Amino acid sequence: MAAAGAGRGRGDLSVPAIAVEGLERAFGEILAVRGVDLEVDEGEIYGFLGPNGAGKTTTVRMLTTLLLPTGGRATVAGHDVVAEARAVRASIGVALQEAALDPLMTGRELIRLQATLQGLPTAEGRRRADDLLERVDLAAAADRRVGGYSGGMKRRLDLAAALVHEPRVLFLDEPTTGLDPVSRKTIWEEVRALNDEGTTVFLTTQYLEEADQLADNVGIIDQGRIVAEGTPDALKAEIGNPHIQLQLADGSIDAAERVLAEIGRLLPPTDGHTVLVEVENGAGDIPRVVRALDDAGIGVESLELVRPTLDDVFVATTGHHLEKEDVADAPAEAVEA
Amino acid sequence: MATNLRVIRALGMRSIRQTFRRPQLMAPILVFPTLLLAVQTGGAGGAVDLPGFPPVQGFLQFMLAGAMMQSLMLAGNSGGIAFAVDIEMGFTDRLFAAPVPRYTIVLGRLAGVAALGFLSAVWFFAIGLAFGAEVHSGVAGVLIAVFLVTATATAVGGIGAAIALRTGSASVVQGLFPLVLVVLFLSSAFFPVDLMIQPARAIAEYNPFSFIVEGVRTPIIADVDATDLLEALLAIAGIVVLGLVLSVRALRHRLRVG
């Protein structure tokens, strides 16, 4: 079998941690993934962003050798996901969507089992389990059954289990979906810390903020295809300049638009009380806008500088929003005790 | 190889713990067969006086092999259900994403079923001896019966695992529960084949589980019989091969469909 712990430490920096060319997956007549190309460098956090059903999880399942591709090729840690599946599995850690944990096991039992599955000697597996439980703040709950854990605790345990063999590449499939903001931030901090230690992270998410906060590079997938790729800042810069959103005190929209048209490009208003104007210098243009409106005797109720978001990138490339109401405002579960 | 064995042992231990921690998995293995044994022994004990009934010390002695068969088949079924639950909740993805040969994951589950089969044999021998049943061929007979029961549990578990892998549905595997009872009642588990009426008799004569039942029962009620033992081993081998073929095909299917 593949050597235990083959994934530990940083790999060859000249070889991409993940390289994907024309990856496809069909389920009968349905093409779920349609020729995905992407490259993730060693030590990078790659955010794989897309709505439900876009092909994120199918792509991750192929990269983690859980599903055979029907077209294209992919290497992870330099190993082909089909021809060298065992070597791939020795190099990766996987925390899949909806933390797949046995509710009847204790946290400690689960991590020790994972250590055995990764080929660690018993003593080392026990030591790693203790260290990891401490690291994810589950030492006190380690001997309780997982069924009694909160959602955040389960995700942290799942993350700890994925780290037991110190993998080179860590796949996190929607690690914070359904978590409350506090638990979400805890997972983010842990992901950043792991990345600082040299672990390459492939993170799928449907949360714009998560990709924006964590990812060095983002790939946006929609209907099985990558529709945009780059750093979050570069992607947003491609969309255009920030705009200023003004709520007027007295509803003199026409007059305000005439004034602001000389400062920037007017954008279609969202309602009868708001004016949107795209400006080149962002915050630097705010004083100019305020002065111009003041000189024209137009009262301003509120003013906000709005920068392009990844959702704007998504809208520009696909024509629809990424975050629907039910996703963006998903009810947070109770904060764990 | 040593790592693979450690994985099989660890997964087997998890499987056993899972069964003990989930009463609905444990009940069919020990509780139901024990109750059925008590009811049948108490209510149909006079059957031993029927002409053609094999010479036995008592009905309990005759029924021990049937109770063990019922228990081991339900252990195999429960193993399949537990495996399907693992698939449904995504736990098998965790196992399949590990750098171990995938057959070790199935063997780990079967190791747990084998342990439960062993436990079942020991349990029913303990009950039988406690209530006065004798094992005619002594310690050798006990060892043979325990081995056959353990091996059969493993073989049946293989079929349960294959169905779980193919369907990924605990409900489907659970739905096989009545079929297990039909297969048992159409064997010599609870009644001698010679006293059955057609067409049950014809089916029971060729039912592989009848051969296994006789392999387990003979050393309990009589001397060890090499022919009965060989036939039982061949029947078990046949079920093992069937389980292996189905499991390999189901594993490939699962990788294809995810």
Side-chain angles (χ1 to χ4, degrees), chain A residues 1-7 25 27-28 32 57-58 60-68 70 82 85-106 109-110 112-122 125 145 147 158 161-162 164-165 167 171 173, chain B residues 1-26 78-79 81-109 111-112 165 168 170 251-258:
Chain A
M1 67 169 288
R25 176 66 210 200
F27 295 98
T57 296
T58 304
V60 166
R61 291 182 72 81
M62 288 190 280
L63 296 180
T64 54
T65 79
L66 291 171
L67 185 64
L68 286 171
T70 51
V82 176
R86 291 264 292 280
V88 170
R89 295 199 291 267
S91 306
I92 62 172
V94 184
L96 292 173
Q97 205 173 346
E98 303 297 331
L101 306 169
D102 179 355
L104 299 176
M105 295 178 86
T106 68
E109 285 170 352
L110 181 96
R112 286 183 179 177
L113 173 64
Q114 194 72 39
T116 305
L117 287 166
Q118 293 295 344
L120 299 188
T122 305
R145 289 192 196 171
D158 200 17
V164 77
H165 57 304
F171 287 90
D173 192 10
Chain B
M1 179 55 83
T3 303
N4 293 348
L5 288 174
R6 283 182 56 225
V7 169
I8 292 168
R9 189 182 65 189
L11 291 174
M13 288 303 295
R14 169 182 173 259
S15 172
I16 294 166
R17 276 197 298 265
Q18 195 180 31
T19 306
F20 277 96
R21 289 174 185 177
R22 189 174 278 163
Q24 63 266 41
L25 292 177
M26 199 63 202
S78 292
I81 293 169
F83 202 21
V85 168
D86 276 356
I87 294 168
E88 282 180 349
M89 69 181 178
F91 193 82
T92 46
D93 284 340
R94 173 182 302 286
L95 307 179
F96 288 149
V100 293
R102 282 164 169 165
Y103 70 81
T104 59
I105 293 158
V106 178
L107 289 182
R109 172 63 60 184
L165 278 168
L251 259 175
R252 286 186 183 150
H253 168 79
R254 185 132 300 276
L255 189 58
R256 272 201 310 277
V257 301

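Owing to the predicted nature of the structure, the values given are computational and were not obtained by experimental measurement.
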Open item on the list: Taking Arg61(A) first and then Asp93(B), would you say they form a salt bridge - that is, a charged N and a carboxylate O separated by under 4.0 Å?
Closed with: yes
For the atom pair [atom1] ([X]) and [atom2] ([Y]), what is the distance rounded to the nearest 0.5 Å?
X	Y	atom1	atom2	result
Ile8(B)	Thr116(A)	CD1	OG1	12.5 Å
Asp102(A)	Arg21(B)	CG	CZ	8.5 Å
Phe96(B)	Leu117(A)	CZ	CG	11.5 Å
Arg94(B)	Leu110(A)	CZ	CG	5.0 Å
Gln114(A)	Leu95(B)	CD	CG	8.0 Å

Heavy-atom proximity to chain A below 4.5 Å, by part of [X]:
X	value
Arg17(B)	side chain
Arg9(B)	neither
Arg14(B)	side chain

Of the non-hydrogen atoms in [X] and [Y], which two are nearest, and what is the gap between them?
X	Y	result
Thr65(A)	Arg102(B)	O-NH2, 3.0 Å
Gly90(B)	Ala100(A)	O-CB, 3.2 Å
Ala97(B)	Val94(A)	CB-CG2, 4.1 Å
Leu101(A)	Met89(B)	O-SD, 3.8 Å

Open item on the list: A quick test of your reading: do over 12 heavy atoms of other residues, nucleotides or ligands sit less than 6.0 Å from CE of Met26(B)?
Closed with: yes
Task: Residue part contacting chain B, namely of Arg112(A), when any heavy atom lies under 4.5 Å - done: neither
Open item on the list: Quick check on Leu104(A) against chain B: is it the side chain, the backbone, both or neither that has a heavy atom closer than 4.5 Å?
Closed with: both
- [ ] With the side chain counted from C-beta on, respond yes when Thr122(A) and Arg6(B) share a heavy-atom pair under 4.5 Å apart, and no when they do not.
- [x] yes
Open item on the list: Between Pro101(B) and Arg86(A), is there a side-chain heavy-atom distance shorter than 4.5 Å?
Closed with: yes
